[in-house]
Colleague: 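Have a look at the structure that comes next, please.
Just so you know, residue 1 is the first one in the sequence shown, and it goes up from there.
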Amino acid sequence: HYYDQEKVTIERVKLAYVDGSDQDMTIRNFESGAYSSAGVYPNSSNFAKTKEKYKDNIVYSLQDATSWYYNFNVNRGAYNHTAKTSDEQKQATQAAILNKNFRQAINFAFNRHSYAAQLNGEDGADKIIRNSLVPDNFVQSGGKNFGDIAQAELVNYGDQWKGVELVDGKDTIYNPDKAKASFEKAKKELEAKGVTFPIHLDVPVEQTDTIAVQQSNSFKQSIESTLGSENVVIDVLQMTDNEKESITSQARVPAQKDYDLNSTGWAPSYQDPASYLNIMDPKTGSAMKHLGITKGKDKEVVAQLGLDEYKKLLDDAVSETNDLDKRYEKYAKAQAWLTDSSLLMPTASSGG
């Protein structure tokens, strides 16, 4: 039904599905002429040969607008895929995830450089790191990048955020000392409620995706080595692609989200911070389902997390329609709240 169909010369399109198990597939297809360009993986077995052969033709692209992050399931209802062995462990984990000091401890204990190196190699690891949902240079206000404005707001939430830069390309959140300090606060608060340790966190991953498995194990290593496996255990659950999709992105309702932590991402639709930050709106946000929250409902959990406060920050920002600088400054306050909440832990961008 295309109006100019006589001009179409392509008769056949072939789609190649990559399950992540063969990191050298893209370069082989490039060399056979199937691709005009191809991503290469510095940790693959044949990368040394590829690097020697192509030299200066291997380049790093710019980071793009897609932000990848881990998110907590704060209201988990399904346990069909879990390493937990008792109801006590389930209850302990849920209590811990609802505790902001605990979430911050995980955030500060997360070595993003090591995580990114599993994909991009040691030399390129920092080139993909992202520290906030909204990229730091996405918009500008008063001659400053959005990340700089949000960073200035973030320090108002406590000394733990001093020295943290909300910029791309630096692992500025990882800090073992801050992680341990936040965890000690969390442990006292949780033990007062009868919570026992260690806290077990289920993290699903596709078993054929070599890099994703390596990244999950890197995440596990950095958390457990920083906080101690007697305190926190990351249970990496390897499963088929269909199994993982059915309990993460393809789960029909929030109650089917069957994990404690999962890696996902977001790309904006328009050049305004709202395109990112609105996904965490407790009434309309698309990310609510990833947190196990039904939009407009689960009001007790929303209140406990302070998401109603975040909603006020969003409403204040969206109401500013005359002064763009003021609008971005108000959205920077929302980004600062979101960073402090540690409900989402940005990891990397696409590109880079």
Colleague: Verify salt bridge (charged side-chain N to carboxylate O under 4.0 Å, His left out) between D340 and K100, making sure each step is shown before the conclusion.
Modeller: CA-CA 8 Å; D340 178 65; K100 185 169 77 169; 2.6 Å; yes
Colleague: For D56, is the CG atom crowded, meaning more than 12 foreign heavy atoms sit under 6.0 Å from it?
Modeller: no
Colleague: With sequence neighbours left out, write down each residue that passes salt bridge (Lys or Arg N to Asp or Glu O under 4.0 Å) with D260, or none if nothing qualifies.
Modeller: R76, K84
Colleague: Are Y331 and F146, when compared by the centres of their aromatic rings, separated by less than 6.0 Å?
Modeller: no
Colleague: May I ask you to decide if L227's main-chain N or O and N231's side chain share a donor-acceptor pair within less than 3.5 Å?
Modeller: yes
Colleague: Decide whether S21 and D19 meet the rule of one side-chain donor and one side-chain acceptor closer than 3.5 Å.
Modeller: yes
Colleague: Is the centre of the Y174 ring less than 6.0 Å from the centre of the F110 ring?
Modeller: no
Colleague: So, D126 versus H113: side-chain donor-acceptor pair below 3.5 Å or not?
Modeller: yes
Colleague: Would N101 and E189 count as having a side-chain donor-acceptor pair, cut-off 3.5 Å?
Modeller: yes
Colleague: Pairing donors with acceptors under 3.5 angstrom, does anything connect the side chains of E243 and T240?
Modeller: yes
Colleague: Please determine whether a side-chain nitrogen of the Lys or Arg among E52 and K55 lies less than 4.0 Å from a carboxylate oxygen of the Asp or Glu.
Modeller: yes
Colleague: Between K299 and D308, does at least one N-O distance fall below 4.0 Å, as a salt bridge requires?
Modeller: no
Colleague: Under a plain distance cut-off of 3.5 Å, with no hydrogens placed, do N73 and Y259 share a side-chain donor-acceptor pair?
Modeller: no
Colleague: Answer yes or no: is there an ion pair linking K170 with E165, defined by an N-O contact shorter than 4.0 Å?
Modeller: yes
Colleague: Should K220 and D235 count as an ion pair when the cut-off is N to O under 4.0 Å?
Modeller: no
Colleague: Is there a path of hydrophobic side-chain contacts, each under 4.5 Å between heavy atoms of I, L, V, M, F, W or Y residues, that connects F47 with I211?
Modeller: no
Colleague: Following the transitive rule for hydrophobic clusters with a side-chain heavy-atom cut-off under 4.5 Å over Ile, Leu, Val, Met, Phe, Trp and Tyr, establish whether L277 and V167 coincide in one cluster.
Modeller: no
Colleague: When you look at N278 and T284, which way does the side chain to side chain contact (heavy atoms under 4.5 Å, CB included) test go after all the steps?
Modeller: CA-CA 8 Å; N278 282 352; T284 62; 5.7 Å; no
Colleague: For the residue pair S246 and Q250, confirm or rule out a side-chain donor-acceptor distance under 3.5 Å.
Modeller: no
Colleague: Measure the NZ-CG distance between K193 and L98 for me, rounded to the nearest 0.5 Å.
Modeller: 8.0 Å
Colleague: Among side-chain atoms of D24 and S44, is any donor-acceptor pair under 3.5 angstrom?
Modeller: yes
Colleague: Got a salt bridge between K312 and D316, using NZ or NE/NH1/NH2 to carboxylate O under 4.0 Å?
Modeller: no
Colleague: Would you check, one step at a time, whether the test side-chain hydrogen bond (donor to acceptor under 3.5 Å, both in side chains) holds for S222 with N111?
Modeller: CA-CA 6 Å; S222 66; N111 187 330; over 6 Å; no
Colleague: Do H290 and N262 have side chains that get closer than 4.5 Å, going by heavy atoms?
Modeller: no
Colleague: What's the verdict on side-chain hydrogen bond (donor to acceptor under 3.5 Å, both in side chains) for H81 and D258, showing C-alpha distance, side-chain angles and the deciding distance?
Modeller: CA-CA 6 Å; H81 300 78; D258 195 0; 3.1 Å; yes
Colleague: Establish, yes or no, whether a centroid distance under 6.0 Å links the rings of F138 and Y276.
Modeller: yes
Colleague: Show the atom names and distances, to 0.1 Å, of all donor-acceptor pairs under 3.5 Å that link a side chain in residues 343-352 to residues at least two apart or in another chain.
Modeller:
from	atom 1	to	atom 2	distance (Å)
T347	OG1	W68	O	3.1
S349	OG	Q63	NE2	2.9
S350	OG	W68	NE1	2.8

Colleague: Are K127 and D168 ion-paired here, with the side-chain N under 4.0 Å from a carboxylate O?
Modeller: no
Colleague: Whether the side chain of R327 engages the backbone of E320 through a donor-acceptor N/O pair (distance < 3.5 Å, no angle test) should be reported.
Modeller: yes
Colleague: Please report whether the ring centroid of Y54 lies less than 6.0 Å from that of F30.
Modeller: yes
Colleague: Just checking, is any N or O donor in the side chain of Q214 or S218 under 3.5 Å from an acceptor N or O on the other one?
Modeller: no
Colleague: Of all residues at least two apart in sequence or in a different chain, which pass the salt bridge (Lys or Arg N to Asp or Glu O under 4.0 Å) check with E329?
Modeller: none
